[in-house]
Protein chains: 2
Amino acid sequence: MQDNQIYDYLLSHGVKGSVQRVAVMKYLLEHHTHPSVDEIYNDLVRKLPTLSKTTIYNTLKLFVDQGVVRMLTIDGKNANFDGDTSEHAHFFCFGCEKIYDIPQSKTNCEQEISLPGGFKAEQTELYYKGYCPACLTKRDC
Amino acid sequence: MQDNQIYDYLLSHGVKGSVQRVAVMKYLLEHHTHPSVDEIYNDLVRKLPTLSKTTIYNTLKLFVDQGVVRMLTIDGKNANFDGDTSEHAHFFCFGCEKIYDIPQSKTNCEQEISLPGGFKAEQTELYYKGYCPACLTKRDC
DNA sequence: GTACGTGCAAAGAATTTGCAGATAA
DNA sequence: TTATCTGCAAATTCTTTGCACGTAC
C-alpha cells in the first residue's frame with residue numbers, strides 16, 4: 001500500500017499525516033499480528049532510526065481516539081493494537097500468547113441491541129481465551 | 001455473610017482460607033463495584049492494619065487462577081476484579097469510569113458455539129464501552 | 001518442624017509528562 | 001511565523017520478586 005493512500009486514509013479519519021504516523025498506520029494495516037507498543041517500535045525504528053517510543057504512544061492514542069485503530073486489552077499485561085476496525089472478535093491463546101481474529105456476526109453476537117436501562121454502547125469488545133488449535137495439539141487435550 | 005461460609009466457599013474452589021483471603025473474598029462478594037487492587041487494599045487496610053498490597057496481589061492471582069474471581073481488563077488502565085463468576089457482560093462508562101454489570105444470555109451472545117478452526121475457548125469476556133444513563137443525561141446526547 | 005502465608009523493601013516494566021528543538025503549512 | 005509534532009529524559013504508576021518472619025497444622 002502506498003504511503004499517500006495511507007496519508008489520505010488517516011486524513012479521512014481526521015488525522016493529519018506525518019512520516020511517523022503513516023509508518024505506524026502502514027505497519028498496522030500490513031501486520032495483522034495485534035502488536036504491542038514495543039513490537040511496533042522495535043520494527044519501525046530500523047527504518048526510522050530517530051523514532052521515539054513516546055511518538056508511538058502519542059500516535060496510537062491519537063489513532064484510538066479518532067477510531068482508526070482498536071486497542072485490545074485482552075492479554076492482561078500490555079495493550080495491543082489492531083488496524084482492522086471492522087467487526088470481529090479476538091481470541092487469546094494461553095499457550096503461545098498470540099491474539100487471533102475471530103469472525104463475529106450479528107448472529108454470533110447481537111451486541112448492538114437490547115442493552116438494558118438506557119446504556120448506550122459505542123464500542124464492543126468480545127474476547128475469548130483458551131488454546132489455539134496448534135497449542136491444543138501440543139498439549140494433547 | 002459469615003466468615004466461615006466464605007472459608008468453605010474458598011475451600012470448595014481449592015483455596016485454603018486465611019484471615020486476609022477471607023477478607024478479600026468477602027469484600028468482592030459484598031461489593032459489586034468491580035474494585036481495583038488499590039480500592040480493595042485501601043478499604044481492607046482499615047480493618048487489617050498490617051495488610052500488605054503484595055498480599056492483595058497474591059490473593060487475587062490465586063483466586064483468578066482457581067476461577068473464584070474474574071479479572072476484568074475493560075478500562076485499559078488497571079485490572080478490576082469481580083467476585084460474581086456467573087455469565088454476564090460488563091459496561092464501562094467513559095464519563096464516570098464505572099463498570100456496570102449487563103445481563104448476558106445465550107440469546108444475547110452465543111459464545112460457546114461455533115468458534116472456527118478448532119479454537120477452544122475457556123473464558124469469554126464481553127465488554128461494552130460508552131456512556132451510562134446518568135452520564136448521558138448530563139451530556140444531553 | 002515443615003510447609004505455607006504474609007509483608008516489607010527493592011526491582012522491574014509500562015506508560016505519562018515536561019519541555020526544548022524540529023518540522024510543516 | 002505560528003502552531004503542531006517529535007523525541008529525550010525524568011517522573012509516575014502498576015505489578016512482581018526476593019527474602020525473612022510468622023503462623024498453622
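Just so we're on the same page: letters track the sequence lines, and every chain starts at 1.
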Give the rounded distance in Å between these two atoms: [atom1] of [X] and [atom2] of [N].
| X | N | atom1 | atom2 | value |
| --- | --- | --- | --- | --- |
| A:Leu10 | D:dC5 | CG | P | 12 Å |
| A:Leu62 | D:dT4 | CG | C1' | 12 Å |
| A:Lys16 | D:dA3 | NZ | C1' | 8 Å |

So do [Y] and [X] actually touch side chain to side chain, heavy atoms under 4.5 Å?
| X | Y | result |
| --- | --- | --- |
| A:His34 | A:Asp75 | no |
| B:Phe94 | A:Glu122 | yes |
| A:Ile40 | A:Leu28 | yes |
| B:Tyr127 | A:Tyr127 | yes |

Near DNA chain D, counting only heavy atoms under 4.0 Å, which residues of residues 65-84 of chain B show up?
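Going residue by residue through residues 65-84 of chain B, the ones with a heavy atom under 4.0 Å of DNA chain D turn out to be B:Asn78, B:Ala79.
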
Among residues 29-55 of chain A, which ones have heavy-atom contacts with DNA chain D below 4.0 Å?
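Output list: A:Thr50, A:Leu51, A:Ser52, A:Thr54, A:Thr55.
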
Determine: side-chain N/O of B:Tyr57 to OP1/OP2 of D:dT16, distance under 4.0 Å, yes or no.
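B:Tyr57 to D:dT16 OP1/OP2: no side-chain N or O under 4.0 Å.
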
Can you name the nearest heavy-atom pair linking [X] to [Y], along with the distance?
| X | Y | answer |
| --- | --- | --- |
| B:Tyr27 | B:Pro35 | CE2-CG, 3.8 Å |
| A:Cys96 | A:Cys132 | SG-SG, 3.9 Å |
| A:His88 | A:Asp84 | CE1-O, 3.1 Å |
| B:Thr85 | B:Arg70 | CA-CD, 3.9 Å |
| B:Tyr100 | B:Cys93 | CE1-CB, 4.1 Å |

Going by salt bridge (Lys or Arg N to Asp or Glu O under 4.0 Å), name the residues that satisfy it together with B:Lys129, two or more places apart in sequence or in a different chain.
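With neighbours one apart ignored, the set is empty.
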
So, A:His90 and A:Asn80: side-chain donor and acceptor under 3.5 Å apart, yes or no?
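Their side chains do not contain a donor-acceptor pair, so the 3.5 Å distance test is not met.
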
Mind checking which nucleotides bracket the chain A contacts on DNA chain C, 5' to 3', with an atom under 4.0 Å from a heavy atom?
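Extent of the interface on DNA chain C: C:dA14 to C:dT17.
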
Who are the side chain to side chain contact (heavy atoms under 4.5 Å, CB included) partners of A:Val64, not counting sequence neighbours?
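Only A:Val69, A:Met71, A:Phe81 meet the side chain to side chain contact (heavy atoms under 4.5 Å, CB included) criterion with A:Val64.
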
Estimated bend of the helix from C:dG1-D:dC25 to C:dA25-D:dT1 (axis per five terminal pairs, rounded to 10 degrees):
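Its terminal axes enclose an angle near 30°.
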
So among B:Tyr128, B:Phe91, B:Phe92, which one has a side-chain contact (heavy atoms from CB on, under 4.5 Å) with B:Ile74?
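Option passing the side-chain contact (heavy atoms from CB on, under 4.5 Å) with B:Ile74: B:Phe92.
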
